[in-house]
4 protein chains.
Amino acid sequence: MNREEKKQATLQRIIEAADRLFCEKGFEETSVAEITQAAGVAKGTFFNYFATKEELLFKFQKNFYLHELFSLRDRPGPYMPLILAYVKEVGDSMSESPALLRSALQRFLASSNADKGTAGHVLKLQSIIELFDKGQRSGEFRRHISADELASTALQLYFGTLVIWSTGMGDTGLGDQLQTAYRVFLNGISTTQDQ
Amino acid sequence: MNREEKKQATLQRIIEAADRLFCEKGFEETSVAEITQAAGVAKGTFFNYFATKEELLFKFQKNFYLHELFSLRDRPGPYMPLILAYVKEVGDSMSESPALLRSALQRFLASSNADKGTAGHVLKLQSIIELFDKGQRSGEFRRHISADELASTALQLYFGTLVIWSTGMGDTGLGDQLQTAYRVFLNGISTTQDQ
Amino acid sequence: MNREEKKQATLQRIIEAADRLFCEKGFEETSVAEITQAAGVAKGTFFNYFATKEELLFKFQKNFYLHELFSLRDRPGPYMPLILAYVKEVGDSMSESPALLRSALQRFLASSNADKGTAGHVLKLQSIIELFDKGQRSGEFRRHISADELASTALQLYFGTLVIWSTGMGDTGLGDQLQTAYRVFLNGISTTQDQ
Amino acid sequence: MNREEKKQATLQRIIEAADRLFCEKGFEETSVAEITQAAGVAKGTFFNYFATKEELLFKFQKNFYLHELFSLRDRPGPYMPLILAYVKEVGDSMSESPALLRSALQRFLASSNADKGTAGHVLKLQSIIELFDKGQRSGEFRRHISADELASTALQLYFGTLVIWSTGMGDTGLGDQLQTAYRVFLNGISTTQDQ
DNA sequence: TATGAATGAGTTTTCATTCAT
DNA sequence: CATGAATGAAAACTCATTCAT
């Protein structure tokens, strides 16, 4: 193991230790001392890899922002199966660790004022509105409620499912739980409903 | 202005100052000293009203546990108007301070596995299930989906709305936003739907 | 109950509450707020009776300082029965509450630097030395050890017994425990020993 | 002066400064800030050596629990020289700081019923009893008094000496003062007495 | 590069005391 | 006299960060 490899290994150890601790206790509540101790290195070593504790945060940005949902509007309907498949996929991709998701959500709540708009997590609500709008035009979704409100509701349902699942209140996988929730929701606004 | 009124005014000043600062910088990043300075009172005064900085949040957390929702199942239906009225009321009660709610949600996420059950924030999902079950039996809600799933979805929608609203993405009041979301949801599962 | 009586009653309530709390937790650890709460009066009321929290201390000075032991030297021997009777009497007089004695000892330790010599608890070791000296001259006590050392040992034994008894480690009364200890000690230095 | 030596020097400076200040003003009345200032180090440095202000005392409390005395009963007599050597050693180990010892004794009195047994400061009187019992069986100590009472007296004499010495009333070292007191005591119960 | 002792600003919290009502 | 809200100095303790070794 040469020098460069050793460096990488140390870095890795720090990141993994931080990951574990952030999941358990959150970012603010975890001190550099704890991280380095868990990583088995000295406190000073941390600052050879990160100028600042904050810098670590960048390594832990999660994307739970429905990026590709937006692109669904460019595809032909019917949208219900597409959406259901999509949320299942997104949910499964985050299904590895409720704790991880929970701390990501915490970070999302913590940062949503400071870097509002700055970071990439601006929710392109507009795209979702267009999606439902197209669905309504094509006759797939009922028009008793505006596309705006449908989109908002969809978004809220999405985040709420993440929260509930991440706190361990659900017992199935996240993908399934999202799919179930969206099936209830979409079926309710669909023109052809289950009996 | 008598003594009691003065007390209330001071409390209000503290809460408002806290909200403003939490909004700008978040809970952890705001110190009690800053709050009291912004409120124009002495540092010690804060602790005449809250034993702890955290207590500011508990006040809000209490609201979001839907305590009264559970009791709806003991009343006669139809439930849709009752539920809509209830979420509006709960939402309005938290509407004065998005930042405080956001901080409370953060805390909820942070603590939700540490003191699971201890802090009493176990959501009585069972009661909500019974509520929807009763609604289905009485013919108010369709039976194509189990009461279990309806209850979970309702809960997820609720928390998701809190999250989205508290991050400032909604522009109406929380009560209204909750009501809108629940109208979409409940209408979708109702046997008598709007056109 | 007229005005003056009411005042006295309030003062009494404060003192009693303070006494109880000091015994349980010590002086420093007891706050004025706790005292007034226990006394059932408002915080401000305390300062109508005492200019300062410290002023309360004067009400709680204990005498465990062997005042009259000193005068024994002016009486004719043999001293052993006199001393044994005296420590029994002193011990019994303090026997009502280990907690009370314990806090008095604490206060003694706490104050013994600040007001060294100031307060009345200067131990008149000299008088005790003279007592043992007289006892040695009269042939009651052996002369293998100087009166100085006997007096010091006597004093140490006295305080040590108070400490041990007050911490609840002894199970008999303080008077008895003192007498037992002194019997061991005095018998050991006596010219006529038990077999 | 290498790193480890520097560390030791800093620790020493802190302890000495603390002792000096405790001597002048007592434990409660001395703040960590004052200690570090007197020691010429930063406030935070104190907590690199002691997790808590209290820990400064625990260090001393540990010494006065006579842990090793108990093991003497497993060694062959005669016990008098062993005991005298032991108390001298223990006394000398605490001799560097009367003020610290006094504060530790205060703490001992303060906590002795709160965490009775918890903190481990249950004095194993039983072991001391066995020690004197063995001494009596071997003919070293007279049997006119029960081993129980001898042990109690020994313990009381020990603590009393600590108290008196720590309040500055003795002028010799603690080790010497303990030894003197125990010589008086042990000689008095010995079968072969000095003349 | 790794180390870990030193730093000191900053945090929450306590509490004796004041004073307007 | 009694009250209790307001005060603000002071305390213990934390922790990201620096830097000599």
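Worth saying up front: this structure is predicted, and the values here are computed from it rather than measured. Just so we're on the same page: letters track the sequence lines, and every chain starts at 1. All heavy atoms count here, side chains included; hydrogens, waters and symmetry mates do not.
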How close or far is atom C1' of E/dC15 from atom CZ of C/Phe27, stated in whole angstroms?
-> 12 Å

Nearest whole angstrom, please: distance from the P of F/dA16 to the CG of A/Leu56.
-> 11 Å

Residue pairs passing the ring-ring contact (aromatic ring centres under 6.0 Å, His included) test where at least one lies in residues 7-26 of chain C, sequence neighbours excluded = C/Phe22-C/Phe27, C/Phe22-C/Phe60

In B/S/- notation (B base, S sugar-phosphate only, - none; protein heavy atoms under 4.0 Å), nucleotides 1-7 of chain E written 5' to 3' is SBBBSBB

Residue set satisfying side-chain hydrogen bond (donor to acceptor under 3.5 Å, both in side chains) with B/Asp92, at least two apart, ordered chain then number -> B/Lys88

Give B/Thr30 one of three labels, base, sugar-phosphate or nothing, depending on what nucleic acid heavy atoms sit under 4.0 Å from its own.
-> sugar-phosphate

Write down the distance between NZ (D/Lys25) and C1' (F/dA10), rounded to a whole number of angstrom.
-> 12 Å

Atom pair CE/CH2 of D/Met94 and D/Trp165 - distance to nearest 0.5 Å | 8.0 Å

How many Å lie between CD on D/Glu28 and P on E/dT14, as a whole number?
-> 16 Å

What is the distance from CD of B/Glu55 to P of E/dT12, rounded to the nearest Å?
-> 15 Å

Rounded distance (Å) that lies between atom P of F/dT3 and atom CD of C/Gln37 = 13 Å

Can you tell me which stems DNA chain F forms when a stem means 3 or more consecutive Watson-Crick or G-U pairs under 3.5 Å?
-> E:2-21 with F:2-21

Between atom CG of A/Leu109 and atom CZ of B/Phe108, what is the distance when rounded to the nearest 0.5 Å?
-> 11.0 Å

Taking everything shown except B/Gln37 itself, do over 12 heavy atoms lie less than 6.0 Å from its CD?
-> no

How many Å lie between CD1 on C/Ile14 and P on E/dA16, as a whole number?
-> 14 Å

First of A/Thr52 and D/Phe47 reached from the 5' end of DNA chain F, by closest nucleotide | D/Phe47

Go through D/Phe50 and D/Phe58 one step at a time and tell me if the ring-ring contact (aromatic ring centres under 6.0 Å, His included) criterion holds.
-> CA-CA 10 Å; D/Phe50 303 96; D/Phe58 290 156; over 10 Å; no

Could you pull out all residues at least two apart from D/Ser31 that satisfy side-chain hydrogen bond (donor to acceptor under 3.5 Å, both in side chains)?
-> D/Glu34

Send over the distance from C/Glu34 CD to E/dT17 C1', rounded to a whole Å.
-> 16 Å

How far apart are the closest heavy atoms of A/Ala18 and A/Leu56, and which atoms are they?
-> CB-CD1, 3.7 Å

Nearest-nucleotide check on DNA chain F, D/Ala33 vs A/Lys53; residue mapping nearer the 5' end is D/Ala33

Applying side-chain hydrogen bond (donor to acceptor under 3.5 Å, both in side chains), name anything that partners C/Asp19, two or more places apart in sequence or on another chain.
-> none

